[in-house]
Amino acid sequence: MTFSVVCNVSDIPVGEALKVEGSEGAIAIFNVDGELFATQDRCTHGDWSLSEGGYLEGDIVECSLHMGKFCVRTGKVKAAPPCDPLKMFPLKIEGDDVLVDFD
Ligand code: FES
């Protein structure tokens, strides 16, 4: 595993998301009550950014384009129309740094 620093913990307030660029596309970092999760940023249903065009409620992000929902803890689809889950990325915190493994 190769972790890279992507941002600072304080860059992502509780209930918010941040878009960061990974080696294979953008990644969304979600803050669920102080726990951080990294998923692919692009909705699996269309070309839409979940960090910038999604609404996070608890651990569910709703895509604002067609109202599909995903669990950001698991990547699983929680509401159609998306069929495919979000890809998840390993994430860890060291000090104030947020690190993600993009592989
Ligand atoms: Fe996200 Fe359609 S693009 S639900």
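Read the numbers this way: they start at 1 and go in the same order the structure lists the ligands and their atoms. Since we're looking at a predicted model, the values are computed, not measured.
Put simply, the side chain of S49 reaches to within 4.5 Å of the side chain of K19, judged on heavy atoms. Using a 4.5 Å cut-off on side-chain heavy atoms (C-beta onward), L91 and I29 make contact. Between R73 and M88, the closest side-chain pair of non-hydrogen atoms is not below 4.5 Å.
Residues V77 and L56 fall within the same hydrophobic cluster, defined by Ile, Leu, Val, Met, Phe, Trp and Tyr side chains chained together at heavy-atom separations under 4.5 Å.
For residues 70-103, no residue pair satisfies the ring pair (Phe, Tyr, Trp, His ring centres under 6.0 Å) rule, not counting sequence neighbours.
Within the sub-2.8 Å shell of atom 1 (Fe) of ligand 1, the protein contributes these N/O/S atoms: C43 SG, C63 SG.
How far CG of D84 is from SG of C43: 10.0 Å, rounded to the nearest 0.5 Å.
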